[in-house]
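The structure under discussion appears below in the form of structure tokens.
Just follow the structure's listing: the first ligand is 1, and inside any ligand the first atom is 1.
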Amino acid sequence: MLNLVLFGPPGAGKGTQADFLIQKFNLIHISTGELLRSLIAAETPLGIIAKSYIDEGNLAPDYIVIEMINTIANEKRDANGFVFDGFPRTVEQAIALDSLLNENNTPVSGMLYLDVPNAELIQRLNNRSETSGRADDRSVAVIENRLKTYHEKTDPLRDYYNRQNKYHRIDGTGTVNEIAERLFTTVSAL
Ligand code: AMP
């Protein structure tokens with residue numbers, strides 16, 4: 001199994017690049033952001049709880065996200081592998097993912113960090129706000145809080161994967177095709 005953690009700040013292009021990776025390597029895309037947005041749209045009890053965090057640019061509680069991942073990974077046990085997009089975002093989530101995958105003897109193959117300068121992220125998120133229809137793309141204050149939350153809670157995970165020798169930095173600037181080619185080269189060598 002090829003299990004990829006696609007990592008980076010909001011606006012780094014994780015969703016776009018996940019689409020390239022799943023096609024190229026025949027993987028299943030798991031985006032916790034998309035899963036949470038569908039819980040919210042369906043107005044489930046967990047969706048209602050998650051919405052109050054997401055609308056402010058804060059992270060949804062770990063227990064909600066970990067439960068979603070466990071469910072979907074168990075449902076798709078016979079997959080060729082997964083692209084985890086936007087997950088893990090905390091150390092607690094990373095530990096939960098390791099134990100889930102280790103139970104199945106299919107550890108994380110590599111973590112791919114899309115590196116994009118902060119000024120470009122803000123520009124991209126502002127552009128996206130015009131088309132995404134996402135509540136959390138609409139306000140500058142919420143975008144700023146998402147970036148701050150990323151730096152405080154999520155960015156430290158680069159060390160977590162580096163210590164496991166699974167960390168790969170990818171230049172996340174240039175055209176989407178150029179970035180995809182860089183990812184393909186790195187993933188093919190895993
Ligand atoms: P994304 O679509 O990945 O940008 O996620 C949108 C929002 O959903 C984030 O700003 C968080 O509020 C929430 N979210 C997505 N993934 C996670 C996660 N792994 N842990 C906690 N919150 C998450």
Item checked: Enclosure of Glu92 CD (heavy-atom neighbours >12, cutoff 6.0 Å) -> no
Notebook entry, point to check: For Lys166, does the NZ atom have more than 12 heavy-atom neighbours from other residues, nucleotides or ligands under 6.0 Å away?
Noted result: yes
Sidechain N-carboxylate O distance under 4.0 Å for [X], [Y]:
X: Asp85; Y: Lys14; answer: no
X: Glu152; Y: Lys148; answer: yes
X: Asp137; Y: Arg146; answer: yes

Checklist line | Polar atom proximity, Val65 to ligand 1 (N or O, under 3.5 Å) | finding: no
Notebook entry, point to check: N/O to N/O below 3.5 Å, does that happen between Arg37 and ligand 1?
Noted result: yes
Quick check on contacts: which atoms of ligand 1 are under 4.0 angstrom from a heavy atom of [X]?
X: Gly86; result: 16 (N), 17 (C), 18 (C), 19 (N)
X: Leu36; result: 8 (O), 13 (C), 14 (N), 15 (C), 23 (C)
X: Gln93; result: 18 (C), 19 (N), 20 (N), 21 (C)

Notebook entry, point to check: How long is the gap from CZ on Phe184 to CD1 on Ile179, to the nearest 0.5 Å?
Noted result: 11.5 Å
Check: For the atom pair CG (Leu21) and CG (Leu4), what is the distance rounded to the nearest 0.5 Å?
Finding: 6.0 Å
Item checked: From the candidates Leu59, Asp136, Thr32, Asn58, the one that places a heavy atom nearest atom 12 (O) of ligand 1 -> Asn58
To check your reading of the model: name the closest protein heavy atom to [atom], its residue, and the distance in Å.
atom: atom 18 (C) of ligand 1; result: Arg89 CD, 3.4 Å
atom: atom 4 (O) of ligand 1; result: Arg134 NH2, 3.1 Å
atom: atom 22 (N) of ligand 1; result: Ala60 N, 3.0 Å

Notebook entry, point to check: At the 4.0 Å heavy-atom cut-off, does Tyr53 count as touching ligand 1?
Noted result: no
